[in-house]
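Remarks on the structure that follows.
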Amino acid sequence: MLSAMNFPATSVLVLTNGHSNISMSGVEAQALLSWKTTLDNKSQFLLSSWTGSSSHCNWTGIACDGTESLQSFNLSRLGLTGTLQDLCFSSFPNLLRIDLSINSLHGSIPTSIGNLSKLTFVDLSYNLLSGNLPSEIRNLVKVEDLWINFNQLSGSIPEELGMLISLRTLDFSSNNFTGSIPSMANLSSLSYINLGNNTISGSIPEDIGFLKAMNHLDLHSNYLAGEIPASIGSLSRITNLYLFKNNLSGSIPGEVGLLRSLQVLDLSENILTGAIPTSVGNMTSLTYLSLFLNKLSGSIPSELGELKSLVDIRLFMNELSGSLPKNMNNFTQLTTFLLSDNRLSGNLPDDICVGGLLDYFTIYGNQFTGPLPKSLKNCSRLFRVNLEGNQLTGNISEALGIYPLLKYIDMSNNRLYGEVSSNWGQCFNLTTLRMANNNITGEIPGALGMASKIQYLDLSSNHLVGEIPKELLSLKLLLYLLLNDNNLSGSIPPEIGMLSVLANLNLAANNLSGPIPGQLGQCTNLLNLTLSMNGFREGIPLEIGNLRSLQYLDLSQNRLVGEIPEQLGGLQRLETLNFSHNKLNGSIPSAFDSLLSLTAVDLSYNKLEGAIPETKPFQDAPFEALSNNKGLCGNATGLADCPGPKLNIKKNRKLVIYIAVPIFCSLFLASVIIAIIFAYFRRLEKRAGDSEAKKENLFTIWSYDGKMVYGSIVDATERFDSKFCIGEGGYGSVYRAELPTGQVVAVKKLHSQLDEDIANSKAFTSEILALTEIRHRNIVKLYGFCVHDLHSFLVYEFLEGGSLDYMLRNDELASAFNWEKRINVIYDLTNALSYMHHDCSPPIIHRDISSKNVLFDRQLVAHISDFGTARILRPDSSNWTSFAGTFGYAAPEFAYTLEVNEKCDVYSFGVLMLEIIMGKHPSDLLTSFSSSRTSFPPSVGDKLVKELLDDRPSTPVDEVALIIVSIAKLAISCLHPSSNSRPTMRHVSMELSMLISPRNLDGLHKQLP
């Protein structure tokens, strides 16, 4: 849930007692004033109370003891910009507390901080500090709380930390620290450690077990390797243990069962193996257990079912097998239950929702059998459910109830039966309902039209009968309507035209009849229209020519008659056209010459005649795609030449010679070339056939299920036939491939001229192998790659929800794309880019951030696509310094230099953030910035931001409005003409985190499958 913090306008003074020499007052005041002059103008204004006309004890953020000596220095959250280099810490001998958190201070920490011998509290977090920690930190022996998180500090963590014997709190998270974790065995008072989100390597030190006072240990998002030390079981007071996103291996030590006070255990996203230890049953205080994305095997121990306090359990994407323990019915507090992508079988626990609190329930990609749990019927708090890809049986009419909070449910690819309940119409928040490929019968209830927020409805591959209810066509937000492969009858209701945002309509393989309604032409956002294998009569409605966004059109295997409408020549984005097996007559319209995007066509088994268009998809079409017509002719395989004017040979003998001789020579030369090419490809095929014996690593390809192989890709695309092509780019064409397992992937086949360049490139192999390891919820997954003499390609996750560009260009979709959703999309994309820049080694620079490269999945979660491709394909070539972005998003330095770094992505992301807020590309605003003669950033007040907002969704109010204004200002900071003055993506992520969630929450680590 989106939340916001209300940051105070001024700092809170912290008053403490102490002793100081009154003569120090002037020295302290002068030191503070000298530092103020080094800050930027805005910061000096914020410190306007700092003047020589009043005592420094009355200044903003300053607190003194009884002798007017500085005791507390609190300038948190003031928005100060500058460095600490000119702040003379040695001028404050009695200082006890420093809080400069949540500002924009940069540069290194001065060594003079080591002179503050009385210091007990230091908070420099949420700044832009860099460099190493000074070794003088060892002098701060009285420091109890040390917060330096969310900065850019680098280097190793100094061993001198071990001398801070009074230290209780240590937070160095979200920096750039490297090296290993130093020994902290002497820090007997230490109760809180957070070193997360750095680049620390090595192993977890064995002496961690000496920290008996520890109650919070967070080492997440580093490069720690080796096994989890058994000594961790000595941390008897620990309540929170975060080790996720590392390279930890080996098994989970059984000693974790000694942590009886532990409430949160997160070991996810490592490479842990072996079974879940039975000793977990001893952690009776545990509320959150996250072990996902490891290689854990074996069965889930029955002892886990004894953890009656569990609220959240995440075991997805492992290799767990066997059935679930029956005592999982004991989870009365359970809210989240995620077991997807394992090998689990057997029945689900009947009382999994016995407490009535369950909201997330996903088990897809297992082998569960039996009926749905009885307790699901009354589980009214369900928010997201995914049961897809199991072998579940049972009557869904009886097993499911009414869910007022439910947004997403997928029951596809099971063996469920029964009828679609009218109760789904009362799930007023439902956006996705998928029941495909089951044994569901009966009619589609008209009451389903009451669920007005549905965007994705998939009831395909069942045994549904009856007509398409008119009420269904009142779902104004419907993007996907998939009713194919059923027994539906009747005609398509003319109300279909009301679905103005519909992107995909598939009614194939039913018993529908009557004419195809012309009202379909009102669905102007359609990308895919499939009405094949029905009994439609009459002609093709000319209104289909209004579908200017249409990419796929299949009306095959019907009873359509008449001529093909000339208006279809206006389908400029059409890629696949199939009118085969009908009774169409006449000629192919001349307007088809302008179908420049067309790649695949099938007009076979009609009564067409005349010349085919002289364009590539027709000229290159296989004979089967044009065969069995009345009299098609033209320059295509198997077709007769079209009749033309006869030549008078007697009067034009010389002309015949002039024409015939060159033709004969050309044919002879062509036959020689063909023979050479044929011999060459025979040799390639032989080399490919003998590759196992003669060439090591002919191809390398990876996936979690191990079933994705070179031959499957080639077969699925019919050797990269153009009919499977869904797009083209600078480095290759993208194909849709459905593998034998049923999984659909996107395959980017590289252009042939690149094959030789990468075939023997170790750089390509190492880069791409690294990218296959990238797993981020908001980055399109790269499953694998192939380097082959014949075909080289990349295999990506296939996303069906369209692009952000499409979302913003469509008024209906943009209206439903409310401010909460937009904020969450920005936040997700920020984290993904920050991950690419700061958590990947080496960093990944995208180079083409734009709304077209932000894709949505079926659940409308945003993903960054095409990451790293340009760098991977030509890491050492001139392409690295050639323009590879999208105009309108590229950083201004491209005008005078072609140097590429992460700050180019930051600029593009600033443009993207404004585009999401404004609902359109901010071209005019960018022009006004570049033409402004004032200093950057320009003055952008709340009023101006509100004037820029997209007016299609409801106006944001209260906290949401404040967050939007802050995001706009943050976006503008990313557009600074000087790349060095732009924030890093880590800083942007940090700022957004503070905007939309309370600071330093110890909330559960959320990552949904």
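Quick caveat, the model's predicted, so the values are computed rather than measured. Along the sequence shown, residues are numbered consecutively beginning with 1.
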With Phe368 via ring-ring contact (aromatic ring centres under 6.0 Å, His included) - residues at least two apart: none

Residues which pass ring-ring contact (aromatic ring centres under 6.0 Å, His included) with Phe331, listed by chain and number, not counting sequence neighbours: none

Identify, with sequence neighbours excluded, every residue that meets side-chain contact (heavy atoms from CB on, under 4.5 Å) alongside [X].
X	answer
Ala816	Leu477
Asp805	Ser803, Arg809, Ser851, Lys852
Asp857	Leu799, Gln859, Val861, His863
Pro349	Leu324, Met328, Asn329, Ile352

Counterpart residues, disulfide (SG to SG under 2.5 Å), relative to Cys353 (two or more places apart):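 Only Cys379 meet the disulfide (SG to SG under 2.5 Å) criterion with Cys353.
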
Salt bridge (Lys or Arg N to Asp or Glu O under 4.0 Å) contacts touching residues 410-428 (sequence neighbours left out):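 Applying salt bridge (Lys or Arg N to Asp or Glu O under 4.0 Å) to every pair that reaches into residues 410-428, excluding sequence neighbours, yields Asp410-Arg434, Asp410-Arg858.
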
Pairs involving residues 463-487, ordered by first then second residue, that meet salt bridge (Lys or Arg N to Asp or Glu O under 4.0 Å) (sequence neighbours left out): none

Any pair counted as disulfide bond (SG atoms under 2.5 Å apart), so long as it reaches residues 408-454, sequence neighbours left out: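 Sorted result for residues 408-454: empty, none.
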
side-chain hydrogen bond (donor to acceptor under 3.5 Å, both in side chains) partners of residues 498-517, not counting sequence neighbours, each pair once: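 As it turns out, there is no side-chain hydrogen bond (donor to acceptor under 3.5 Å, both in side chains) pair with a partner in residues 498-517 once direct neighbours are skipped.
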
ring-ring contact (aromatic ring centres under 6.0 Å, His included): pairs with one or both residues in residues 408-452, sequence neighbours excluded: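 Counting only pairs at least two positions apart or across chains, no ring-ring contact (aromatic ring centres under 6.0 Å, His included) contact touches residues 408-452.
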
